[in-house]
Amino acid sequence: MHMRRTGAVLSIAAMAAGLAACGGGGQTYATVADKITGGGTVVVGTKWDQPSLGLKMGNEPEGFDVDVAKAVLKEVNGGKDVKIEWKESASSNREPFLQNGTVDIVFATYSITEERKGKVTFGGPYVIAHQDVMVRKDDTSINSPQDLKGKKICKASGSNSYKRITDPPPDGELDIDATTVDAANYSECVQKLTGSNLDAVTTDDLILAGFAKQAGGNFKVLGQGFTDEKYGIGLKKGDTKTCEAVNKAVATLWSNGTMKTLLDKWFGGIQGLKLSETAPPAEGCA
């Protein structure tokens with residue numbers, strides 16, 4: 001009797017664990033690609049605080065990354081819409097969210113780097129941005145990245161953009177003696193730039209362009225990109241099946257004109273911004 005009761009308890013515990021693992025009794029999937037094609041709800045991580053890329057508006061975020069995510073998942077699913085749950089993924093939590101299963105896939109201005117490749121499998125890139133500098137529109141003292149010497153630049157949590165200014169190679173680019181000012185994210189950086197406690201925000205030109213557009217002309221982007229930022233599609237380390245599927249989808253979206261349409265939709269007409277015209281080469285899935 002004791003044995004049977006223990007077995008029953010174990011069975012109930014196992015059932016509960018199984019339900020927890022697949023989100024309350026739903027289907028379990030070996031890969032995100034299987035979830036996409038199997039009709040599951042895909043949890044997509046995007047930024048929620050970056051205008052024109054991923055900005056929370058009402059119930060859902062909107063922007064270029066959001067539209068790319070929808071288009072890529074739809075392409076992987078043979079042209080059929082996919083059920084998506086959106087999850088805010090700031091720079092500081094993209095890797096943990098992928099590792100612990102909080103999100104299935106990340107489209108969040110996620111630059112592919114060698115360091116991140118150790119923790120994440122990257123599809124893409126789907127576009128290449130370039131690190132640039134944004135200043136107040138009336139600031140005539142900063143006309144190039146080199147002019148940031150002695151200036152206050154923003155250090156957003158979880159982002160490595162500031163290092164490209166302040167550090168020497170190989171971690172940095174310019175080795176300029178600038179002061180860093182901490183911020184939780186880039187929207188806070190932009191708030192600080194409005195005041196006098198910050199002189200410049202430096203990160204990817206697409207991110208800066210979105211904020212400049214939102215601010216209605218209060219800021220200017222220098223238009224002097226000095227790095228290649230390969231925006232990748234973040235997946236849990238080892239999910240090569242999904243990586244290969246999204247790479248195929250990205251190639252199709254470039255060849256059929258969808259990517260150019262989305263770039264023009266969100267970033268067209270912004271002064272100094274040079275948009276990609278051709279598909280970036282895929283990094284390969286590892």
Side-chain angles (χ1 to χ4, degrees), residues 13-48 53-54 56 58-112 116-127 230-254 256 258-259 262 282-286:
M15 285 173 61
L19 289 173
C22 53
Q27 176 72 39
T28 55
Y29 302 95
T31 69
V32 176
D34 295 327
K35 197 176 200 182
I36 293 167
T37 57
T41 298
V42 181
V43 184
V44 178
T46 65
K47 297 288 182 69
W48 284 14
L53 284 153
K56 182 76 182 297
N59 293 327
E60 292 188 357
E62 63 176 38
F64 176 69
D65 276 353
V66 176
D67 283 355
V68 170
K70 291 176 182 174
V72 167
L73 297 191
K74 185 174 181 178
E75 189 64 34
V76 171
N77 198 33
K80 299 188 290 289
D81 286 330
V82 175
K83 289 178 284 189
I84 295 173
E85 177 189 335
W86 301 100
K87 192 88 174 173
E88 182 177 17
S89 295
S91 296
S92 55
N93 63 27
R94 289 173 299 202
E95 281 99 24
F97 276 11
L98 285 168
Q99 289 165 344
N100 66 25
T102 301
V103 300
D104 294 314
I105 191 166
V106 170
F107 294 76
T109 62
Y110 204 0
S111 295
I112 300 171
R116 288 171 179 165
K117 278 183 176 181
K119 308 169 191 170
V120 174
T121 288
F122 280 106
Y126 53 93
V127 73
K230 297 174 285 191
Y231 282 4
I233 299 164
L235 294 160
K236 191 168 188 176
K237 185 69 177 169
D239 189 355
T240 53
K241 179 179 179 179
T242 305
C243 178
E244 288 162 1
V246 298
N247 281 356
K248 185 178 176 184
V250 167
T252 299
L253 294 170
W254 270 104
N256 68 17
T258 299
M259 295 298 288
L262 293 179
E283 286 280 294
C285 300

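We're numbering straight along the sequence, starting at 1.
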Charged N-O contact under 4.0 Å between Glu75 and Lys248: no

Kindly say whether Leu262 contributes a backbone atom to a donor-acceptor pair with the side chain of Asp67 at under 3.5 angstrom? no

Test log, rule side-chain contact (heavy atoms from CB on, under 4.5 Å), inputs Lys230 and Tyr110: CA-CA 8 Å; Lys230 297 174 285 191; Tyr110 204 0; over 6 Å; no

Between the side chain of Asn77 and the main-chain N/O of Gly79, is any donor-acceptor distance below 3.5 Å? no

Minimum heavy-atom distance Leu98-Asp104, with the two atoms named: CD2-O, 3.9 Å

Between Gly123 and Cys243 the two heavy atoms that sit nearest each other are CA-SG, 3.7 Å

Using side-chain contact (heavy atoms from CB on, under 4.5 Å) as the criterion, list what pairs up with Asn256, not counting sequence neighbours. Thr252, Leu253, Thr258

For the backbone of Gly234 and the side chain of Arg94, can you confirm whether one donor and one acceptor N or O come within less than 3.5 Å of each other? no

Is the backbone of Gly124 close enough, under 3.5 Å, to the side chain of Asn247 for a donor and an acceptor to pair up by distance? yes

For residues 76-90, which residue pairs qualify under salt bridge (charged side-chain N to carboxylate O under 4.0 Å, His left out), counting only residues two or more places apart or in two chains? Lys74-Asp81

Should the ring pair Phe107 and Tyr126 be called parallel, tilted or perpendicular, given that the plane angle runs from 0 to 90° and is split at 30 and 60? tilted

Decide side-chain contact (heavy atoms from CB on, under 4.5 Å) for Val106 and Phe97; before the verdict, give the C-alpha distance in whole Å, the side-chain angles of both, and the deciding distance to 0.1 Å. CA-CA 9 Å; Val106 170; Phe97 276 11; 5.7 Å; no

Does the side chain of Gln99 reach to within under 4.5 Å of the side chain of Lys236, using non-hydrogen atoms? no

Taking only residues two or more places apart in sequence, or in another chain, which ones meet Thr121 in a side chain to side chain donor-acceptor pair (under 3.5 Å)? none

Counting distance only, does the side-chain N/O of Thr31 pair as donor-acceptor with the main-chain N or O of Asp34 below 3.5 Å? yes

Using a strict 4.0 Å threshold on nitrogen-to-oxygen distance, state whether Lys47 and Asp65 make a salt bridge. no

Step by step, would you call Val43 with Thr102 a side-chain contact (heavy atoms from CB on, under 4.5 Å)? CA-CA 8 Å; Val43 184; Thr102 301; 6.0 Å; no

Check Ala69 against Val44 and note the closest heavy-atom contact, atom names and distance. CB-CG1, 4.0 Å

Considering non-hydrogen atoms only, spot the tightest contact between Val76 and Ala249 and give its length. CG2-CB, 4.0 Å

Taking atom CG of Leu73 and atom CD1 of Ile84, what is their separation to the nearest 0.5 Å? 5.0 Å

Here the ring pair (Phe, Tyr, Trp, His ring centres under 6.0 Å) pairs for residues 64-85, sequence neighbours left out, are Phe64-Phe267

Who are the salt bridge (charged side-chain N to carboxylate O under 4.0 Å, His left out) partners of Glu62, not counting sequence neighbours? none

Residues in ring-ring contact (aromatic ring centres under 6.0 Å, His included) with Tyr231, at least two apart? none

Side-chain donor/acceptor of Asp239 to backbone N/O of Thr242, under 3.5 Å: yes

Heavy-atom closest contact (Ala108 atom, Ser89 atom, distance): CB-O, 4.0 Å

